[in-house]
Amino acid sequence: MAEEKLPTRAEDFAEWYNQLVLKADLADYAPVRGCMVVKPYGWALWENITSWLDRAFKETGHVNAAFPTLIPMSFFEKEKEHVEGFSPELAVVTHGGGEKLEEPLVVRPTSETIIGHMYAKWIKSWRDLPVLIVQWGSVLRWEMRTKLFLRTAEFYWHEGHTAHATTEDAMEEMYRILDIYEKFCYEQAAIPVIKGTKSETERFAGAQITTAIEAMMWDKRALQAGTSHYFGQNFARAFDIQYLDQNNTLQYCETTSWAISSRIIGALIMVHGDDQGLQLPPNLAPIQTVLVPIYKNDAEKSAVMEAANRIFTELKAAGIRIKMDAREEVTPGFKFNDWEMRGVPLRIEIGPKDVEKGSVALARRDVPGRDGKSFVPQAGLTGTVERLLADIQASMLKNATAFRDSNIHEPQDYAHLAEIVQNGWAFGWWCGSKECEAKVKEDTKATTRVIPLNQPAGKGKCIVCGSEAHQKVYFARAY
RNA sequence: CGGGGUGUAGCGCAGUGGGCCAGCGCACCGCGUUUGGGACGCGGGGGUCGGCGGUUCAAGUCCGCCCACCCCGACCA
């Protein structure tokens with residue numbers, strides 16, 4: 001249950017975040033360093049996220065399956081870049097049944113290797129392709145500094161792993177998924193994202209192309225909200241994933257993998273949260289509207305509760321995720337703050353005056369104070385609530401987009417870039433060299449985030465070295 | 001791993017020139033009054049004082065070692 005106030009975001013954003021996660025009842029610290037317990041409210045939110053994505057993947061022909069948590073250590077050594085990328089963060093099981101194991105087992109940090117191994121066994125012919133499998137589960141990476149949802153040792157996600165006959169098919173798959181992720185962010189999470197390609201430095205270990213969607217948090221830092229990778233034949237060659245084509249020639253497959261993790265919950269918090277607490281988009285909120293009955297004595301209580309129960313039943317029947325807060329041990333004022341902390345988008349208050357007038361009071365979470373309140377008739381409330389929820393969803397996206405756009409700037413020169421990235425994103429020309437990228441990081445702590453797919457026409461001068469540049473990139477400090 | 005800090009009730013803390021029963025606020029339980037923006041009174045329950053060892057008639061308090069966690073720096077979804 002929520003108690004007391006949060007620090008304001010301006011005072012201490014990191015502390016605001018930490019306390020909010022706990023007070024909004026999303027998660028708690030686990031006894032194991034870096035691990036979190038996702039509480040029922042947080043998990044309900046995650047389920048709303050996963051169920052939308054699951055549906056979208058199934059609509060595009062993907063199927064779910066499960067692969068083991070433990071992976072033979074030797075599998076990681078088969079792909080050079082992959083092992084280099086992941087070895088520092090592996091958790092390794094050395095004993096089982098009281099005996100030292102012949103070969104250590106790795107707790108999966110991601111499943112390319114074991115899935116590649118299985119694909120090699122399953123794929124024989126061009127007729128077997130494409131293979132479009134999604135695994136829902138958790139993975140473990142030994143992180144140095146952790147933060148609930150944003151970076152925990154164990155986190156939850158889906159990982160899609162696909163195998164294709166041709167480069168075109170695999171690339172198309174990578175972009176198809178990126179589009180699904182983008183759609184999810186805009187339509188469900190109300191988070192505007194920029195879709196693009198990662199630089200070589202920022203690429204996934206073992207990938208040929210890494211694409212991502214990047215979002216701006218309230219503190220203007222960037223957060224990668226989802227990734228989709230094209231591996232070319234890297235994993236296929238490492239794991240011998242081969243098929244016979246129509247000409248009876250042995251060919252290597254082209255593979256992809258892609259993921260959105262429970263980190264997206266961190267994005268929801270940092271994009272939409274305010275000094276009152278969490279603010280959830282109606283499409284994902286476990287509780288879309290909370291009903292708070294108000295009364296002073298038994299006579300009022302019976303009249304109010306009768307109306308409240310009627311409204312509750314009606315809205316619930318209409319498919320609205322509604323919660324009745326009939327707790328008697330706390331005051332209405334406490335409940336208002338409590339549900340605001342938890343991010344419920346819309347509150348319905350009903351008291352003796354409303355019973356008399358056949359009305360209710362509505363309070364929008366996204367519009368604080370009196371401005372967000374309205375008094376509407378009980379008649380037709382379902383429609384009113386549905387319209388308001390849709391309006392809140394739209395307005396959250398609109399606000400987040402306006403915020404993001406007002407914090408992206410075009411650097412005029414290198415000094416300007418350094419200034420911009422202290423409190424925003426810089427969108428500038430980049431020659432593509434690692435040296436320029438490293439210099440920016442060294443000088444400003446900002447990294448290249450995405451090379452957007454939508455590029456302006458023409459060419460310019462690299463903002464760092466001044467040589468000819470054919471692409472523009474976003475520079476920002478990132479989570 | 002480098003630097004800084006903290007371990008006393010679920011949370012936040014006080015108590016440390018050693019001395020009777022280890023305390024306060026919040027939370028929790030009970031009863032009553034309250035209830036349209038974070039209510040109040042009264043009465044309760046709850047502790048290996050991070051761990052191990054040492055000094056002492058006596059250790060939360062002094063000494064040694066260890067452990068854990070947090071914050072700040074280099075990697076990641």
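Reminder, nothing fancy here: chain letters follow the sequence lines and each chain counts from 1. From a predicted model like this one, the values you see are computed outputs, not experimental measurements. Only this structure's heavy atoms are used, side chains among them; waters, hydrogens and symmetry mates stay out.
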- Can you check whether any acceptor in the base of G36(B) is under 3.5 Å from a donor in the side chain of D354(A), or vice versa? yes
- Message: My understanding is that a pair needs two contacts under 3.5 Å, Watson-Crick or G-U wobble. By that rule, which nucleotide pairs with G7(B)?
- Response: C67(B)
- Please work out if I260(A) contacts a base, only the sugar-phosphate, or nothing of the nucleic acid, heavy-atom cut-off 4.0 Å. nothing
- Reckon K353(A) touches a base, only the sugar-phosphate, or nothing at all at heavy-atom distances under 4.0 Å? base
- Which whole-number value in Å describes the distance from D28(A) CG to G10(B) C1'? 10 Å
- Task: Could you check which nucleotide pairs with G73(B) in any of the strands shown, counting Watson-Crick or G-U wobble with both distances under 3.5 Å?
- Result: C1(B)
- In whole angstroms, how far is the C1' atom of C76(B) from the CG atom of L223(A)? 11 Å
- Note on the structure: Of the candidates U35(B), A39(B), G37(B), the side chain of T331(A) sits closest to A39(B)
- Query: Over how many whole Å does the gap from K296(A) atom NZ to U33(B) atom C1' extend?
  - Reply: 15 Å
- Query: With both distances under 3.5 angstrom, what nucleotide forms a Watson-Crick or G-U wobble pair with A39(B)?
  - Reply: U33(B)
- Query: What does G47(B) pair with, Watson-Crick or G-U, if both distances are under 3.5 Å?
  - Reply: none
- Message: Rounded to whole Å, please give me the gap between CE in M341(A) and C1' in G37(B).
- Response: 14 Å
- Message: Ring centres under 6.0 Å, that's the criterion: do F86(A) and F204(A) meet it?
- Response: yes
- Message: If we check side-chain contact (heavy atoms from CB on, under 4.5 Å) with L284(A), which of these qualifies: W52(A), F184(A), W46(A)?
- Response: F184(A)
- Message: Would you measure the distance from the C1' atom in G3(B) across to the matching atom in G10(B) and give it in whole Å?
- Response: 32 Å
- Query: How do P352(A) and E154(A) order along RNA chain B: which one's closest nucleotide is nearer the 5' end?
  - Reply: P352(A)
- What's the closest nucleotide to the F204(A) side chain, out of U35(B), A77(B), G37(B)? A77(B)
- Message: I'd like the P distance from G41(B) over to G23(B), given in whole Å.
- Response: 22 Å
- Between C26(B) (C1') and F334(A) (CZ): distance, integer Å: 12 Å
- Whole-Å gap separating C1' (G36(B)) and NZ (K301(A)): 17 Å
- Item | Interatomic distance at P, C49(B) relative to C11(B), whole Å | 16 Å
- Of the candidate nucleotides A77(B), G73(B), G38(B), which contains the atom at the shortest distance from the side chain of K445(A)? G73(B)
- Which whole number of Å gives the distance between the P atom of C63(B) and that of U16(B)? 15 Å
- Query: Which value, in whole Å, describes the distance between the C1' atoms of nucleotides C66(B) and U56(B)?
  - Reply: 23 Å
- Partner nucleotide, any strand, of C24(B) [Watson-Crick/G-U, under 3.5 Å]: G12(B)
- Query: With a 4.0 Å cut-off on heavy atoms, is F86(A) in touch with a base, just the backbone sugar-phosphate, or nothing at all?
  - Reply: nothing
- Query: K147(A) has an atom NZ; how far is it from atom P of C71(B), in whole Å?
  - Reply: 8 Å
- Query: Looking only at side chains, do E437(A) and T201(A) share a donor and an acceptor under 3.5 Å apart?
  - Reply: yes
- Task: Using a 4.0 Å heavy-atom cut-off across all strands, classify A14(A) as base, sugar-phosphate, or nothing.
- Result: nothing
- Task: Using a 4.0 Å heavy-atom cut-off across all strands, classify T146(A) as base, sugar-phosphate, or nothing.
- Result: nothing
- Aromatic ring pairing F57(A)/W136(A), orientation class (parallel under 30°, perpendicular over 60°, tilted between): tilted
- Query: Tell me, do R449(A) and R221(A) make a side-chain contact under 4.5 Å, heavy atoms counted?
  - Reply: no
- Message: Test of understanding: with ring pair (Phe, Tyr, Trp, His ring centres under 6.0 Å), list the residues that count as partners of F155(A), not counting sequence neighbours.
- Response: W157(A)
- Query: Roughly how far apart, to the nearest Å, are G47(B) and C42(B) at atom C1'?
  - Reply: 25 Å
- With stacking defined as ring centroids separated by under 5.5 Å and planes differing by under 30°, is W157(A) stacked against A77(B)? no
- Task: For D338(A) and A27(B), give me the distance from atom CG to atom P, rounded to whole Å.
- Result: 13 Å
- Below 4.0 Å: OP1/OP2 of A77(B) and any side-chain N or O of T227(A): no
- Message: Could you tell me how far A27(B) sits from C40(B) if I compare only their P atoms? Round to whole Å.
- Response: 9 Å
- Query: Any N or O donor-acceptor pair linking the side chain of R347(A) to the base of G37(B) at under 3.5 Å?
  - Reply: yes
- Query: Just one of W16(A), F13(A), Y479(A), Y17(A) clears the ring pair (Phe, Tyr, Trp, His ring centres under 6.0 Å) bar with W218(A), so which one?
  - Reply: F13(A)
- Give one of base, sugar-phosphate or nothing for E143(A), where a contact means two heavy atoms less than 4.0 Å apart. base
- Would a 4.5 Å heavy-atom cut-off, applied to side chains only, mark L453(A) and L178(A) as touching? yes
- Message: Checking base pairs now: Watson-Crick or wobble, both atom distances under 3.5 Å. What partners G19(B)?
- Response: C57(B)
- Query: Does the C76(B) base have a donor-acceptor partner in the side chain of R151(A) within less than 3.5 Å?
  - Reply: yes
- Message: If the cut-off is 4.0 Å, is K441(A) near the phosphate of C75(B), judged by side-chain N/O to OP1 or OP2?
- Response: yes
- Task: Could you measure between the two C1' atoms, the one in A59(B) and the one in U8(B), and give it in whole Å?
- Result: 14 Å
